[in-house]
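Quick notes on the structure that follows.
Here the structure is a predicted model, which is why all the values come from computation and not from measurement. Lettering follows sequence order; numbering is per chain, from 1.
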Amino acid sequence: MKPQVLTGEHFINGDEACAEGAIAAGCRFFGGYPITPATEVAEQMSVRLPHVGGTFIQMEDEIAAMTSILGAAWTGIKTMTATSGPGFSLMMETVGLAIVTETPCVVVNVQRAGPSTGLPTQGAQGDMMQVRWGSHGDYEVIALAPSSPQEMFDLTITAFNLSEKYRTPVFIMSDEIVGHMSEKVVIPEARKIRTVSRVKPAGRKDRFKPYQPGLLGVAPMPAIGDGYNVHVTGLTHDEKGYPVMSVDTQKEMMDRLLGKIRNNLDDIILTEDYRLEDADVVLVSYGVSARTAYTAVEEAREMGLRVGLLRLITVWPFPEQRIRELAKRVKAFITVEINMGQISREVERCAGTVPGFTAGHHGGAVVPPDDVLKIAKEVLA
Amino acid sequence: MKHDETAGMAHPLEDLVRMDRIPHIWCPGCGIGSVFTSCLTAVKQTNIPYNQFTMVSGIGCSGRGAGYINIDSFHTTHGRAIPFASGIKMARPDLNVIVFSGDGDLFAIGGNHFIHAARRNMDLTVICVNNLTYGMTGGQVAATTPFKARSSTTALGNPDTPFNLPLLAYASGATYVARWTMLHARDLADCIQEAILRRGFSFIEVLSPCPINYGRRNREKTLETLKKYHDNTIVKNGASPTELEVDFNKGVILGKFIDIEKPTCDEVYRRMYRPPEETTENRKSR
């Protein structure tokens, strides 16, 4: 048997690091479908999983891939899939099923430029609103954005931990650039990696309710065969899991689904500050674009401009409070992202009267730091 | 008042039914309840502990099956019962996984999943209640609706040719293919039992009336449908899948058509991909 955690220093790309993070987090099932630029995640999982007692299956499409990981998750194990834009679109219906049935799983989107087939081999961050709102109905999601292959490893573990803790799908919103970039990735010793597993129910089986909120508003989750005889449905259901077609039950269910995320924002939201203490202009960025923003901060500072960076590691739920606090003391926000304005809308929504700008890109390449600097200079002129 | 001899007696399948969800949603004259009863009878007949079973359904009237069986059960999205079940099976090959759903769910929106699970010989027992229409949405044309039959979206008759489901299953790689009607309750229960106990992708088509949304439009009363199931069917085990189209004028063939032994998806994966179990013996020899 190969070790489950490949402790040591590696020179690997982001997709491979993501797969290793999944294995280290305890993922034991991957349902996939080939798509550029996420294929390497599936390839790596296909090689690694059987050696750690896990299962890889390549399904007939992304709908099936996403659905298979929900079925597998209910056997009590950690599961994952990885895709890019077109596949992500196909997964959207099942994302809703994962949310409403409170099924933990991790979905990786290595974003490429769209719409439609777009630029399959070139990066973008155009699916940031799709991950938030792409499935029908009202809900909350957790989405993380790694900026490097190292973070593809680290945040994949974080994603599994959050999904198990909150019984919800967690998204890794990567992009082609981070996915295909090779850098040093340090994998720690297995005993130093913190992993979380879902809470299992205890007590009388005949009285168990699979959706009765426990710690943090999350219900314990049994596995198939544990003897709890649970019924799991995509219909609006009560705490017992039974369909109830009433407005009251809908409200109760929605409060539970939204509440477990909205009431635990401090635990879920991860951000990183860079030279924000005295900043007049705040760059807000995430994923590969945060690397552009970082360079822009350095260059701006050399010019004597007080520019800082708020890097969103957790993009959803959106760190509204942080933006609101910063808005009290800064002159402007510039959101740096490879789309023509998505997360920037959230920033502007929370910025109040403080002006917000977008240093965007149509997709296919990173935002040049000069584009950011140009806006910063105009703002501070 | 007459003494009720059944008072206080439990239904023999009560331990398998979520009695707190009864009454069910199925209409008077609908056949799904009979198919469901045969399915539960089969589960019971196997004598396998109930926690070694799971049931997965899609969407539609038949898709409500999973909501009434008192085991771990999953009512998924439209057409996706099979990939959900495949995920369960590959993660827990020891479980008996039953897919209980309808023709619209399994063969239109879910058709792609059906053919691929059959191709892989995924170890599932797939029961398709075929009522020739989309019942829950009010009787629209389905991939199984007979040529020229009326539906709410083909008021002048269905211009399309329906699937021959056993032929599709066989051509896709199913290793067990059978067809009954809901009227053949015992044959059906025994057939489902056999399918559960064997390994491999088993497909059982069950013809079942939808008097409200199909019968009414096609001038066919429930009892007339049942009479057709009785009079215009022929039991012919081993019949060629090519002669199995549903045409009551010619006579509809029932029985077990295919029963082939072939390694299942999970078995082959285990054998080809999982490293051999480490024994004390080969660890020493290193």
Side-chain angles (χ1 to χ4, degrees), chain A residues 1-2 28-31 46-47 49-61 63-77 79 81 93-98 100-101 103 105 205 210 222-235 237 240-243 245, chain B residues 16 18 20-21 25 49-59 63-64 66-95 97 109-110 112-117 119-120 122 265-266 269-270 272-275 277-278:
Chain A
M1 292 282 264
K2 278 186 192 160
R28 291 298 175 265
F29 186 95
F30 186 98
S46 78
V47 173
L49 272 173
H51 289 277
V52 296
T55 304
F56 170 88
I57 187 165
Q58 184 174 312
M59 297 299 282
E60 52 273 15
D61 56 29
I63 301 170
M66 179 69 207
T67 313
S68 74
I69 70 168
L70 300 194
W74 277 93
T75 70
I77 60 171
T79 69
T81 189
E93 185 195 25
T94 316
V95 164
L97 183 68
V100 85
T101 58
T103 306
C105 59
K205 291 187 173 171
I224 298 173
D226 283 354
Y228 289 91
N229 293 343
V230 292
H231 179 55
V232 176
T233 177
L235 286 167
H237 47 266
K240 193 154 187 216
Y242 284 6
M245 302 298 98
Chain B
L16 264 173
R18 294 183 189 272
D20 49 352
R21 291 215 57 219
I25 63 152
Y50 294 158
N51 72 347
Q52 290 171 28
F53 284 92
T54 185
M55 182 181 277
V56 187
S57 291
I59 295 294
R64 292 302 184 97
Y68 299 122
I69 189 169
N70 194 21
I71 58 172
D72 293 314
S73 55
F74 299 87
H75 179 223
T76 64
T77 44
H78 198 14
R80 317 303 170 207
I82 286 179
F84 196 100
S86 300
I88 294 174
K89 187 70 206 184
M90 291 304 284
R92 274 282 308 274
D94 59 309
L95 288 170
V97 186
I109 192 166
N112 197 30
H113 308 309
F114 181 89
I115 61 174
H116 285 277
R119 171 179 67 83
R120 291 184 230 269
M122 190 63 72
C265 185
D266 63 283
Y269 182 76
R270 206 157 49 243
M272 286 180 69
Y273 280 87
R274 294 266 173 78
E277 298 269 322
E278 229 177 59

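Counting heavy-atom pairs closer than 4.5 Å to chain B, the top residue among A:T75, A:V230, A:L235 is A:V230. With chain A as partner, the option from B:N70, B:I82, B:I69, B:I59 having the largest number of non-hydrogen pairs under 4.5 angstrom is B:N70. Ranking B:G110, B:S86, B:G67 against chain A, the residue ahead of the rest is B:G67, based on heavy-atom pairs under 4.5 Å. In terms of non-hydrogen atom pairs under 4.5 Å with chain A, the most contact-rich of B:Q52, B:M90, B:H116, B:R18 is B:R18. Among the candidates A:T94, A:L97, A:T101, the residue making the largest number of heavy-atom pairs closer than 4.5 Å to chain B is A:L97.
For residues 83-93 of chain B, every residue pair satisfying the salt bridge (Lys or Arg N to Asp or Glu O under 4.0 Å) rule, not counting sequence neighbours, is listed here: B:K89-B:D123, B:R92-B:D94. Residue pairs meeting the salt bridge (Lys or Arg N to Asp or Glu O under 4.0 Å) criterion with at least one member in residues 69-85 of chain B, sequence neighbours excluded, are A:E93-B:R80.
At a 4.5 Å heavy-atom cutoff, A:I69 makes no contact with chain B through either its backbone or its side chain. Neither the backbone nor the side chain of A:A73 comes within contact range of chain B; no heavy atoms are under 4.5 Å apart. If you measure heavy-atom distances from B:S73 to chain A, the contacts under 4.5 Å come from both the backbone and the side chain. In this structure, the portion of A:D226 lying under 4.5 Å from any heavy atom of chain B is its backbone and not its side chain. Heavy atoms closer than 4.5 Å to chain B are found in the side chain of A:I57, but not in its backbone. Proximity to chain A is limited to the side chain of B:R120, based on heavy atoms less than 4.5 angstrom apart. Only the side chain of B:M122 has a heavy atom closer than 4.5 Å to any heavy atom of chain A. For B:F74, the parts lying under 4.5 angstrom from a heavy atom of chain A are both the backbone and the side chain.
The main-chain N or O of B:A66 is found under 3.5 Å from a side-chain atom of A:H231 such that the two form a donor-acceptor pair. Panel note: side chain B:Y269, backbone A:F56; a donor-acceptor pair is recorded below 3.5 Å. In terms of modelled atom types and a separation under 3.5 Å, the side chain of B:R274 and the main chain of A:G54 share a donor-acceptor contact.
Taken from OG1 in B:T77 to CG in A:L70, the straight-line distance is 8.5 Å, to the nearest 0.5 Å. Rounded to the nearest 0.5 angstrom, B:R64 CZ and A:T233 OG1 are separated by 7.0 Å.
Within the 4.5 Å cutoff, the side chain of B:H113 has no heavy atoms near those of the A:T67 side chain. Residues A:M59 and B:P83 are in side-chain contact: their nearest non-hydrogen atoms beyond the backbone lie under 4.5 Å apart. In this structure the side chain of A:W74 never reaches within 4.5 angstrom of the side chain of B:T54, judged on heavy atoms.
Within a 6.0 Å sphere centred on CE of B:M272, heavy atoms belonging to other residues, nucleotides or ligands number 12 at most.
Of all non-hydrogen atoms in A:P50 and B:P275, the two that sit nearest each other are O-CD, 3.4 Å. Of all non-hydrogen atoms in B:A91 and A:I77, the two that sit nearest each other are CB-CD1, 3.8 Å.
Here the rule is side-chain contact (heavy atoms from CB on, under 4.5 Å) with A:I224, and of B:I71, B:N51, B:L95 only B:L95 fits it.
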